[in-house]
Amino acid sequence: MSRAVARRAKQVPLRTHWIVLSMLLVCLSSMLLLNGYTHHLFGAEPDGAVTSGGPAGAVPRAIAGGGPVIDAQPGEVRSVRPAKRTIALTFDDGPDPVWTPKVLDVLKAQHVKATFFVVGTEVAAHPALARRIVAEGHQIGMHTFTHANLSTAPGWRRSLELRQSQLVLAGATGLSTPLLRPPYSSEPDALTDADWTAIQETRQAGYLTVLTTQDSEDWRRPGTAKVIANSTPRGTAGQVLLMHDAGGDRSETVAALTKLIPTLKARGFKFATVSDAVGLPQPTHDAGLLERGRGLAAIWAMRVSDGVQSLLTWFLYAAGALSVLRAITTVWAARRHARMRDWSWGEPVTEPVSVIIPAYNESAGIGAAIRSLVASDHPIEVIVVDDGSTDGTADIVEAMGIPGVRVIRQRNAGKPVALNTGLQAAHFDLIVMVDGDTVFERDAVRMLVQPFADPSVGAVSGNAKVGNRRGLLGRWQHIEYVVGFNLDRRLFDLAECMPTVPGAVGGFRRTALERIGGLSEVTLAEDTDLTMALCRDGWRVVYEERAVAWTEAPASLGALWRQRYRWCYGTLQAMWKHRGAWVQRGQAGKLGRRGLTYLMLFQVLLPLLAPVVDVFAIYGLVFLDPLRVGLVWLGFLALQFAMGRYAFHLDGERAGPLWTLPLQQFVYRQLMYLVVIQSVFTALAGSRLRWQRMERYGSLRSPASTEGFP
C-alpha cells in the first residue's frame with residue numbers, strides 16, 4: 001500500500017466493526033440455539049422406551065376405557081374406536097430418508113393407506129418425503145417438533161412444539177392437521193393425570209389426540225416374526241397399530257409389513273387411515289399462504305443452522321489441528337535450536353555500536369533506558385531522537401550529562417522518521433534500535449551484535465522480556481512473550497524466515513538498512529515491515545536469546561488493546577506489502593513460503609478459529625455431554641500448559657506464572673481474539689488506523705536492579 005493509497009483509504013468508524021461483529025455473534029448464537037434445540041434437547045429415547053407413571057384419578061373413565069382417538073373438548077369429552085375388522089396402520093418418528101421410502105413402497109404395492117405421525121425436525125430435513133406421503137394418499141399427523149414428552153414439558157414448550165410442527169408441515173406440504181400423537185404415549189388405559197392435562201391443553205389448541213390399541217414393539221427390534229405376532233389382532237375388533245418408519249434400523253418393520261398385510265387381508269381385515277377407520281371427516285386442510293411462507297422460512301432457518309453447526313464443527317477440527325501442529329512444530333524447532341547454543345558465529349565482534357532511541361513523550365522511562373545502555377560492557381554511542389515530545393524528554397536526557405549520549409530534536413513526524421534521522425547521525429556500522437521504555441542487561445548489546453561476525457546476517461532479534469510482570473495482566477503478557485513470541489522466534493531462526501525484529505531490542509547492519517532505503521512509513525508495524533524488507537533483500541535475520549532486554553508492558557486492558565491492535569493491523573499491512581515473497585526464491589522465498597505462511601496460519605487464521613473452541617464449549621455444556629466437553633477443553637489447556645512449561649524452561653524462567661493460564665483463557669485470550677478479528681475487519685474495510693502511542697509508567701529500573709527481575 002503506497003502512502004497515497006493510504007491517504008485515500010476510507011475512514012470507517014471502528015464502532016461499525018463492532019456493530020457487524022455483534023450482529024454476527026447474535027446470528028451465530030441464534031443458529032446454535034436453534035440447532036441445539038432441534039437436535040440435542042429431546043428425542044433421545046424411542047416410543048415405548050419411556051413409560052409414564054403416576055396417579056390417574058383425574059382421567060375420565062370414559063377415556064381410560066374408551067377408544068384411541070380422543071376429543072378432550074371441555075364439557076364434551078369423548079373418544080372413538082376403529083370400525084370392526086379395520087386396521088389403521090400408523091407410523092411414528094419419520095420421515096426417514098432410508099426407511100420411509102421403503103415403507104411407502106410396500107404400502108403402494110399392497111394398495112394400503114396409512115397415517116404417518118411425523119416429527120417436525122425430520123420434516124424440515126426431508127420435506128420431499130413429507131410431500132410424497134401426502135401425494136400418495138396417506139394421512140399425516142404430528143408427533144411434535146422434537147419428539148418431546150408433552151406430559152413433562154412446561155406450557156411454553158408444549159406451545160412451541162405444536163406451533164413449530166404446524167409451521168414446518170405447512171411449509172413442506174401446504175397442509176395443516178389437527179391429528180396429534182404425543183411421543184411416549186400408548187393405550188388409553190395407560191394415561192396418567194399428567195398425560196390427561198397435556199391432552200386437554202393440546203385440545204384447547206385445536207388438536208385431536210390419537211393413541212394406539214396395539215403396539216408392534218418394532219422399536220425393540222425383536223425380529224420380524226415377533227413384530228408380525230405383536231401386530232396381529234387377537235379377534236375382529238378394529239385396531240390402531242403402532243409402527244415406526246424412523247428412529248433406527250426398520251428393516252424388520254418393512255419385512256413384517258410385506259407379510260402382515262396380505263395375511264390380514266386374507267382374514268377379512270381392511271386397512272384405512274385413522275380418520276376413515278373411526279369415521280371422522282377429512283381432518284387435514286390447506287394451510288394459508290402466510291403459514292406456508294412462515295413454514296418455509298422456518299425450514300430454511302433450520303437448514304442454515306445445520307449448516308452453521310457443521311461449518312463450526314469443521315472449524316473446531318481445524319483449530320484443534322492447527323493448535324496441535326503449532327505445538328509440535330514449535331517444540332521440535334525449539335529443541336533443535338537449544339542444541340545450537342554453543343554455536344560460534346566466528347571471531348568475537350568488538351567494534352562499537354550506535355544505539356538509536358526514538359523518543360516521543362518518554363519522560364517516565366527514558367532515564368532508566370539510557371542508564372542501562374551506558375552500563376553496557378560493549379562500546380556504544382547513544383542517539384536519542386526526540387520526536388517533538390511535549391513532556392521534556394529531551395531536556396531530561398540532556399540534563400543527565402552522560403558522555404557519548406546525544407540528543408537530536410525534530411518536529412513530530414513518527415517513529416520511522418525518527419529512526420531514519422538517528423541512522424543518518426550514527427557514526428558506526430552496527431546499529432541497535434531500542435524503544436524508550438526498554439532496559440538492557442549489561443551484556444545485551446555485546447550478545448546482540450555477535451551474529452554480525454557472519455557477513456550474511458543483516459539483522460538480529462534480541463530476547464525481549466516483560467519487566468512489569470507483578471500483576472495478573474503483567475503475568476499474562478509475560479507468558480505471551482515467553483511462549484508466543486520467543487518460542488516462535490526459535491522456530492523462525494531455525495527456518496531462516498524471521499518476520500520481525502522487535503523494536504524493543506534489535507540489531508542491524510548499517511549497509512543492509514541503507515540498501516533497502518531505511519525504514520518505511522507506510523505500515524504501523526515498522527519493525528515487521530523492516531525485517532521483511534531485509535529478508536526479501538537477501539539478508540539473513542537471526543535470533544540471539546542471550547541478548548536480554550526488559551520492556552514495559554501495558555498496565556491496563558485499554559492500553560493493551562491499543563498496542564496489540566496496532567501490532568496486529570501493522571503486521572497484516574506488512575504481510576500484504578511483502579506478499580510477493582511467496583513466489584520469490586532464496587532468502588525472500590523462505591520468508592514467504594515459511595514465515596508468511598506460518599503467520600497466516602497461526603497468527604491470523606488460528607486466532608480467528610480459536611473462538612470456535614469457546615463457542616462449542618458453551619454449546620456443548622448446554623446441549624451435549626458436559627463431561628466430554630470439559631475434557632476437550634482441558635486437553636487444549638494441557639497442550640498450552642505443556643508448551644508454556646517447556647518455553648519457560650528454555651528461557652530460564654520460573655514456571656510460577658503459568659498457574660494463571662486457565663484464567664488467561666477466559667479474559668486475555670478473548671481480548672487477543674477480538675484484536676485479530678477487528679484488525680481483519682479494519683483491513684477488509686480499507687480503514688486507515690493511526691499510530692497510537694502506549695502510555696508509559698516508568699516502572700522499569702536501571703540495570704543494577706534488573707538482575708533476577710521478579
Asker: If the condition is salt bridge (charged side-chain N to carboxylate O under 4.0 Å, His left out), which residues does Glu291 pass it with, not counting sequence neighbours?
Answerer: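 For Glu291, the residues satisfying salt bridge (charged side-chain N to carboxylate O under 4.0 Å, His left out) (neighbours in sequence not counted) are Arg294.
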Asker: Does Arg85 use its side chain to pair, donor to acceptor, with the backbone of Arg267 at less than 3.5 Å?
Answerer: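 Looks like yes, one N/O pair under 3.5 Å.
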Asker: Taking the side chain as C-beta and beyond, is there a heavy-atom pair between Thr121 and Phe145 under 4.5 Å?
Answerer: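 Yes. Closest side-chain heavy atoms under 4.5 Å.
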Asker: Answer yes or no: is there a side-chain heavy-atom contact under 4.5 Å between His138 and Leu107?
Answerer: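 Yes, at least one pair of side-chain atoms sits under 4.5 Å.
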Asker: For Arg593, which residues count as a side chain to side chain donor-acceptor pair (under 3.5 Å) partner, sequence neighbours excluded?
Answerer: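 Result, side chain to side chain donor-acceptor pair (under 3.5 Å) vs Arg593: none returned.
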Asker: Could you tell me whether the side chain of Leu639 reaches within less than 4.5 Å of the side chain of Val324, counting heavy atoms only?
Answerer: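 Result yes, sub-4.5 Å side-chain heavy-atom pair found.
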Asker: Could you pull out all residues at least two apart from Thr597 that satisfy side chain to side chain donor-acceptor pair (under 3.5 Å)?
Answerer: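 Side chain to side chain donor-acceptor pair (under 3.5 Å) check on Thr597 returns Trp582.
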Asker: Could you tell me whether the side chain of Ser185 and the main chain of Pro182 form a donor-acceptor pair under 3.5 Å?
Answerer: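 At least one qualifying donor-acceptor pair exists.
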Asker: Classify the ring geometry between His143 and His147 as parallel (under 30°), tilted (30 to 60°) or perpendicular (over 60°).
Answerer: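 Judged by the thresholds at 30° and 60°, the geometry between His143 and His147 is perpendicular.
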Asker: Quick one: OH on Tyr184 to OG1 on Thr152, what's the gap to the nearest 0.5 Å?
Answerer: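 Rounded to the nearest 0.5 Å, the OH-OG1 separation comes out at 8.5 Å.
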Asker: Sequence neighbours excluded, which residues qualify as side chain to side chain donor-acceptor pair (under 3.5 Å) partners of Gln214?
Answerer: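 Once residues adjacent in sequence are excluded, Gln214 has no partner under the side chain to side chain donor-acceptor pair (under 3.5 Å) criterion.
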Asker: Side chain of Asp193, backbone of Gly57: donor and acceptor closer than 3.5 Å?
Answerer: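 Present.
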Asker: Determine, step by step, whether Glu161 and Arg158 satisfy the salt bridge (Lys or Arg N to Asp or Glu O under 4.0 Å) criterion, reporting the C-alpha distance in whole Å, the side-chain angles of both residues, the deciding distance to 0.1 Å, and the verdict.
Answerer: CA-CA 5 Å; Glu161 288 284 325; Arg158 291 175 188 164; over 6 Å; no
Asker: In chain order, what residues pass the side-chain contact (heavy atoms from CB on, under 4.5 Å) check against Asp189, with sequence neighbours excluded?
Answerer: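 side-chain contact (heavy atoms from CB on, under 4.5 Å) check on Asp189 returns Glu187.
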Asker: Is a side-chain N or O of Thr86 found less than 3.5 angstrom from the main chain of Lys84, in a donor-acceptor match?
Answerer: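 Confirmed, Thr86 side chain pairs with Lys84 backbone.
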Asker: Please collect all salt bridge (charged side-chain N to carboxylate O under 4.0 Å, His left out) contacts where either partner lies in residues 95-111, sequence neighbours excluded, each pair once.
Answerer: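 Every pair satisfying salt bridge (charged side-chain N to carboxylate O under 4.0 Å, His left out) with a residue in residues 95-111: Asp105-Arg132.
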Asker: How far does CE of Met643 sit from CG of Leu661, to the nearest 0.5 angstrom?
Answerer: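 Result: 10.5 Å between the selected atoms.
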Asker: Take Ile261 and Leu89, measure what side chain to side chain contact (heavy atoms under 4.5 Å, CB included) needs, and give me the verdict at the end.
Answerer: CA-CA 10 Å; Ile261 293 175; Leu89 283 176; 4.2 Å; yes
Asker: Quick one: side chains of residues 300-308, donor-acceptor pairs under 3.5 Å with protein atoms, not counting sequence neighbours, listed by atom name and distance.
Answerer:
unit_1, atom_1, unit_2, atom_2, d
Ser305, OG, Met302, O, 2.7
Asp306, OD1, Asn35, ND2, 2.9
Asp306, OD1, His39, NE2, 2.7

Asker: For Tyr646, check side chain to side chain donor-acceptor pair (under 3.5 Å) against everything at least two apart and list the hits.
Answerer: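 Tyr646 satisfies side chain to side chain donor-acceptor pair (under 3.5 Å) with no residue once adjacent residues are dropped.
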Asker: Drop me the distance from Thr100's OG1 to Leu129's CG, to the nearest 0.5 angstrom.
Answerer: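 These two atoms lie 6.0 Å from each other.
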Asker: A side-chain contact here means heavy atoms from C-beta on lying under 4.5 Å apart; do Lys265 and Val112 qualify?
Answerer: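 Contact flag for Lys265/Val112 side chains = yes.
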Asker: Distance alone, cut at 3.5 Å: any donor-acceptor contact between the side chains of Asp276 and Thr273?
Answerer: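 A donor-acceptor contact under 3.5 Å links the two side chains.
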Asker: Could you tell me which non-hydrogen atom of Thr212 sits nearest to which non-hydrogen atom of Pro188, and how far apart they are?
Answerer: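 What the structure gives for the nearest pair is O-CD, 3.5 Å.
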Asker: I need the minimum non-hydrogen distance between Asp245 and Gly94, along with the two atoms involved.
Answerer: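 Looks like OD1-N, 3.4 Å.
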Asker: Considering all heavy atoms of both residues, which atom of Ser231 and which atom of Met243 are nearest to each other, and what is their separation?
Answerer: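 That closest heavy-atom pairing would be OG-CE, 4.2 Å.
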Asker: If you round to the nearest 0.5 Å, how far is CG of Leu162 from CG of Leu167?
Answerer: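 Reported to 0.5 Å precision, the distance equals 11.0 Å.
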Asker: Quick one: CD1 on Ile199 to CG on Leu150, what's the gap to the nearest 0.5 Å?
Answerer: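 Answer rounded to 0.5 Å: 9.5 Å.
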Asker: Taking it one step at a time, do Val604 and Leu599 satisfy side chain to side chain contact (heavy atoms under 4.5 Å, CB included)?
Answerer: CA-CA 7 Å; Val604 178; Leu599 292 178; 5.7 Å; no
Asker: Where is the tightest heavy-atom contact between Ile70 and Trp196, given as atom of each residue plus distance?
Answerer: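 Heavy-atom minimum between the residues: CG2-CZ3, 4.1 Å.
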Asker: Return yes if some donor-acceptor pair links the side-chain N/O of Glu217 with the main-chain N/O of Asn230 below 3.5 Å, else return no.
Answerer: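 No.
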Asker: Identify every side-chain donor-acceptor pair in residues 277-287 under 3.5 Å, counting partners at least two apart or on other chains, and give the distances.
Answerer:
unit_1, atom_1, unit_2, atom_2, d
Gln282, OE1, Thr284, N, 3.4
Gln282, OE1, Thr284, OG1, 2.9

Asker: Closest approach of Val676 and Pro607, non-hydrogen atoms and distance?
Answerer: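 Shortest heavy-atom separation between Val676 and Pro607 comes out as CG2-CB, 3.7 Å.
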Asker: Does the side chain to side chain donor-acceptor pair (under 3.5 Å) test come out yes or no for Thr90 and Arg181, once each step is laid out?
Answerer: CA-CA 10 Å; Thr90 63; Arg181 170 168 288 163; 2.8 Å; yes
Asker: Mark yes or no for whether Trp99, through its side chain, and Gly248, through its backbone, hold a donor-acceptor pair below 3.5 Å.
Answerer: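 Yes.
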Asker: Can you confirm whether Leu241 sits close enough to Leu260 that some side-chain heavy atom of one is under 4.5 Å from a side-chain heavy atom of the other?
Answerer: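 Heavy-atom side-chain distance check passes, below 4.5 Å.
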Asker: Is there a side chain to side chain contact (heavy atoms under 4.5 Å, CB included) between Leu601 and Leu606? Walk through the geometry before answering.
Answerer: CA-CA 6 Å; Leu601 287 177; Leu606 182 57; over 6 Å; no
Asker: Does the side chain of Pro68 come within less than 4.5 Å of Pro82's, by heavy atoms?
Answerer: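 Yes; the side chains approach each other to less than 4.5 Å.
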Asker: Using atom types as modelled and distance alone, determine if a side-chain donor or acceptor of Ser159 lies under 3.5 Å from a backbone N or O of Trp156.
Answerer: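 Answer holds: no.
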Asker: Search all heavy atoms of Phe623 against all heavy atoms of Leu32 and return the closest pair with its distance.
Answerer: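 Where Phe623 meets Leu32 most closely, the heavy atoms are CE1-O, 4.1 Å.
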Asker: Would you mind telling me which of Leu257, Asp218, Thr224 makes a side-chain contact (heavy atoms from CB on, under 4.5 Å) with Glu252?
Answerer: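 Exactly one pass, corresponding to Thr224.
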Asker: Run the side chain to side chain contact (heavy atoms under 4.5 Å, CB included) check on Val118 and Met142 step by step: do they pass?
Answerer: CA-CA 5 Å; Val118 294; Met142 295 197 319; 5.6 Å; no
Asker: What distance do Gln166 atom CD and Leu180 atom CG have between them, rounded to the nearest 0.5 Å?
Answerer: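 CG of Leu180 is found 9.0 Å from CD of Gln166.
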Asker: Determine which pairs satisfy ring pair (Phe, Tyr, Trp, His ring centres under 6.0 Å) with at least one residue from residues 60-93, sequence neighbours left out, and list them in order.
Answerer: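 For residues 60-93, and leaving out neighbouring residues, the ring pair (Phe, Tyr, Trp, His ring centres under 6.0 Å) pairs sorted by first residue read Phe91-Phe116.
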Asker: Is there side-chain contact between Leu264 and Pro233, with at least one heavy-atom pair below 4.5 Å?
Answerer: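 Yes; the side chains approach each other to less than 4.5 Å.
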Asker: In chain order, what residues pass the side-chain contact (heavy atoms from CB on, under 4.5 Å) check against Leu296, with sequence neighbours excluded?
Answerer: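 Listed in chain order: nothing, the list is empty.
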Asker: Considering only heavy atoms from C-beta outward, does the side chain of Leu325 approach that of Phe602 to under 4.5 Å?
Answerer: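 A side-chain contact under 4.5 Å exists here.
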Asker: Could you list all the salt bridge (charged side-chain N to carboxylate O under 4.0 Å, His left out) pairs where at least one residue sits in residues 59-71, not counting sequence neighbours?
Answerer: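 Applying salt bridge (charged side-chain N to carboxylate O under 4.0 Å, His left out) to every pair that reaches into residues 59-71, excluding sequence neighbours, yields Asp71-Arg78, Asp71-Arg203.
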Asker: Donor-acceptor pair, distance only, cut-off 3.5 Å: does the side chain of Thr192 make one with the backbone of Gly54?
Answerer: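 It does not hold such a pair.
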